[in-house]
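Following: one structure in structure tokens, then a few remarks.
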Amino acid sequence: MWKYVLKRIILALITTFIILSLTFILMKLLPFPLGVGNENEQASYYNHQVYLGFVFDSKVPLNGKESLWSYVDSDRISHYYYQVPVMQQYFSWLRNIFLHWDWGVSNKIMPNVNAINIILSRLPNSMYLNIISVIISVPLGIILGIIAALKKNSLTDNIISTLVMVFISIPSFVLITFLILFFGYKTHWLPPQWPSDTAPISQKIAAFVIPVMALSFGSICGYCRFTRAELCEVMSSEYLLLARTKGLTKKQAILRHALRNAMVPIVPSILAEFISILGGSMILENLYGIPGIGDLFVKALNAPDYNVLFVDMALFTTISLLAGVLLDISYGFIDPRIRMGAKK
Amino acid sequence: MALLILELEWGQRNNMKVYNQENYHIDKSKFSFAHENKKITDSKFDTKPTTFAKDAFKRFCKNKSSVVAAFIIGFLLLGSFLIPLIDTNDIKSVHPDQSLLIPKIFNAGTGFWDGTKKYNNIAYSAEDEAPLGFKKDAIISMEVSGIEYINQPYKYALGGYLKIATEDMLQNKDETFDGKIKFLRNYKTFNYDPIYNYQLNVNLGDIDNITDDSSLGEYRIRMQTNSQFIEIQDWSKNFGEISINLNDIVKEKVTSAQIRFEVKPQINKYSYLLIKNINISCDNEEINELLSTISFDDANAAALIQKQDNGTFPNMYWQSNANRDIYQAEKRSVSFVYDQYEDVFGKRNMALGSLRLNEYIEKGWVEYDYNIGPESFKVLDENSPVIQIYSQTYDSTYDIYTLNADIIYYKYIGMKKMPKYIFGTDISGKDIFKLAFSSLKTSLLIAILSSAVCLFVGLVWGSISGYFGGNVDLVMERFCEILSGVPWIVVMTLTILILGNNIGTFALALCLTGWIGVASRTRTQFYRFKGREYVLASRTLGSSDTRLIFKHILPNALGTIVTSSVLMIPSVIFSEATLAYLNLGLQGVDSFGVLLSDNQQYLATYPALIVFPAIIISLLMISFNLFGNGLRDALNPSLKGSD
């Protein structure tokens, strides 16, 4: 078992490394993000790029190449900045990360601020939002699923199943649009936009309701459907019939046998969901104006601010891979019969 | 055996002795073969044989919701192809004049989906008889929502009293006040002839003590001529409706007469006089016409009349040696239902070139003679956009007439009838209904194209990876993992930046990572089925890998895979919309995501712009999910032949 776990983790780390490397190289193929601001800011931006090894500083203009930026410093020395070859940049990047943990600075969103710091300052908002939505959606989804499965083909089940079908189908950005429209603009019960930092605390709490609803409706429905399907399958199995024949009450049979077995595939997905707490929902955050990392992604993409975008992507990638590994491993722990990736 | 039992029964029935088996003997001749000369062959089935597809279809039809969903998908698909063809509304060019119209299906005034919008508390302009900035013709119903009284002349106010106040107060009773009298008189004089009957009606306000230091003062009415004053009513404190027959008082003929109201100061208080309206009339029509321009009904309107640009005063002007103040004019605000379509496409006043008018004359719609002018205008055909011409001006340098005319705008821009946009229009005046279905076509096209590619690639990849497992699977799975781990936004961005932003690129970009989902589902299904006994049995009998994959495993996995491929279509539409929200949307073609994300900013002001496309996309997603589920149940081989 431990060998299996170790193998999965190492593989995931290698995958992460390859993905990040590929992403880095692909992004370096995009046009170079130019510095903004006055001469001093630009100079410090380009000097930082030189320090990172992505750009080199030439004292004379090079033939046949257009410089990224040039200026004359206070000592009357001309500086011409040129991009170094992509693969060379890649090795500089590796060196920077492994030796200095330096991921570069932002050039548009918050010029000359370390990208990691920008992400860290925005992470809490996304995390709170996701934690609340997971805390709400997991129990609610599972309970609804159990109810639907136990009252299979009754009116209750039909209503739950229909609602699940509707809410699982509606895209989250459409859902949040309707929620903002109804609660924000029609009834004025909740703020239609994320309030500013100076807003009263009650406003700030109220502002969580719409995005949490938009986030959790989908996952409530997901869990509900999953639980119902699993529980229905278990309920029709022979061992449950045996349990009832042995004399267990329906309640005992369901709690001790049916639910436990039905939870086998559900628990791993809950664990994976907890990992994704760190991630943000890009469009949702952008539409509601939540200053989280999802919103940052959209802003960085449109700025464009590639360093911030890259760190954000790296975070999303790592989170999703970790979640995947946790899912696979927890399958193995909960049901030792399953070994994802075993031979034929 | 059957014969034996028969014999036994026969014996019992005849009260025969039942023998033990040992001594029970039956004569051999009593036995005969049952089917000695019969041929037993297979008989034909009465029922028709069923195929897999027929059976699946039968089971699919049993699932009512899936059938409904299939019909909805069908309608949407059909709509997306037919509506852009049938609907003649132009969605290619920009029409700024018809931007942001409200959805309309029913006629205006029905109160539901009728292209009207309710406005609340808009300032009412008495001058236009309509709320400020709105057209009178387009108002369906209006009610006064609030009245505010103001005490100064205001362009959009109504009624009130003209207030003439003294600027001095008297110290004692005996003090002379002649120089401190304030008056109000008509500017335009009239001739008084006692052979006609003259009537002066005036309504004086009876509101005392407006402020602490002022109250209603004594007033008198006089007729002023060039040389003298004729007393019409002496100092009095009679307020309210006052009606005076001038013939009773003035007996002689007077030229250039003026009616003059005077108010005198009082002790320790300022005096004022409130005049609601003044009406002077005469039974001679010619004089009466002049007098009617002198009279005023609306004090606020009268107070607003000022010196003209050329330095003269208009006839209606009433002059005074005091400030012509207004007391309690009504500033109304109204709530009303406004027909936007009438506003945009209905009657409007505009300058019309003679070239345009000549066109209408040629078509025989109108009759007009430039030499005679507006009087010669006549509408001959109801198609004519022009309904009235007020004036014409001639530009000799270009030999062109410009006409000031009332036109019906929708006829003017060449429409047969007043348009109805059932989903309204967007900021650039494009019909959302047509735009939505045209966008749906693009989105569905991309979705179907990339789903097909993804399905093919994913199926092959997943089958190989799932069937062979082990190291093959490990490598293939790592490849998938890496590819799916690269944020698809990066892949999309790069693809779009390098290859340009068109449908083909978009479909390709969506395919680059889209097949991974199908592959992993196929792989999971293969893992599930490849260890089953029937596969083992087939393998033992020497089946090749191809046979095992295509004959034994894939059909079992087909239900799940088909379902997932059906569900890929909405997910591709979703991805496309996501990209549009990230400002990476399709350029130059209408697509659903671009439609949604462009209109997102009007959520607060014009929710219809986003609500209808959002409903369509939700309906599509729900239908595809239901359809997919029905398909999965129908294609599940373990349910084959059941029911």
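In what follows, chains are A, B, ... by sequence order, proteins preceding strands, each numbered from 1.
- Applying the 6.0 Å contact sphere to NZ of A:K186 captures no more than 12 heavy atoms from other residues, nucleotides or ligands.
- B:L474 has its side chain within reach of A:L11: a pair of non-hydrogen atoms, C-beta onward, lies under 4.5 Å apart.
- Residue B:Q601 places its CD atom among more than 12 non-hydrogen atoms of other residues, nucleotides or ligands, all under 6.0 Å distant.
- Between the CD1 atom of A:I170 and the CE atom of B:M621 there is a distance of 10.0 Å, given to the nearest 0.5 Å.
- A:M165 contributes atom CE, which lies 9.0 Å from atom CD1 of B:I622 (distance to the nearest 0.5 angstrom).
- With a threshold of 4.5 angstrom between heavy atoms, B:L603 approaches chain A through its backbone and through its side chain.
- For B:F71, the CZ atom sits in a loose shell: 12 or fewer heavy atoms of surrounding residues, nucleotides or ligands are nearer than 6.0 Å.
- A:P171 touches chain B through backbone and side chain together, each having a heavy atom under 4.5 Å away.
- Under the 30°/60° scheme for interplanar angles, the aromatic rings of B:F574 and A:F173 are found to lie parallel.
- For B:V611, the parts lying near chain A are the backbone and the side chain together; criterion is any non-hydrogen pair under 4.5 Å.
- For the atom pair A:S169 OG and B:L620 CG, the distance stands at 10.0 Å (nearest 0.5 Å).
- Counting heavy atoms of neighbouring residues, nucleotides and ligands inside a 6.0 Å radius, atom CZ of A:R225 does not exceed 12 of them.
- Between chain B and the options A:I168, A:I18, A:L181, the largest number of non-hydrogen pairs under 4.5 Å is found for A:L181.
- Ranked by non-hydrogen atom pairs under 4.5 Å with chain B, the options A:L29, A:L309, A:I14, A:I283 are led by A:I283.
- At a 4.5 Å heavy-atom cutoff, B:E477 makes no contact with chain A through either its backbone or its side chain.
- Here the straight-line distance linking atom CG of B:N583 with atom CG of A:N302 works out to 4.0 Å at 0.5 Å rounding.
- Of the two parts of A:L175, neither the backbone nor the side chain holds a non-hydrogen atom closer than 4.5 Å to a non-hydrogen atom of chain B.
- Heavy atoms of A:F178 lying under 4.5 Å from chain B belong exclusively to its side chain.
- In this structure, chain A has no heavy atom under 4.5 Å from any part of B:L619.
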Go through the steps to decide whether B:Y581 and A:L287 satisfy the test side chain to side chain contact (heavy atoms under 4.5 Å, CB included), and finish with yes or no. CA-CA 9 Å; B:Y581 271 103; A:L287 289 184; 3.7 Å; yes
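- Highest contact tally toward chain A, considering only B:L596, B:I573, B:I615, B:L626, is held by B:L626 [criterion: heavy-atom pairs under 4.5 Å].
- At most 12 non-hydrogen atoms from other residues, nucleotides or ligands lie less than 6.0 angstrom from CZ of B:F75.
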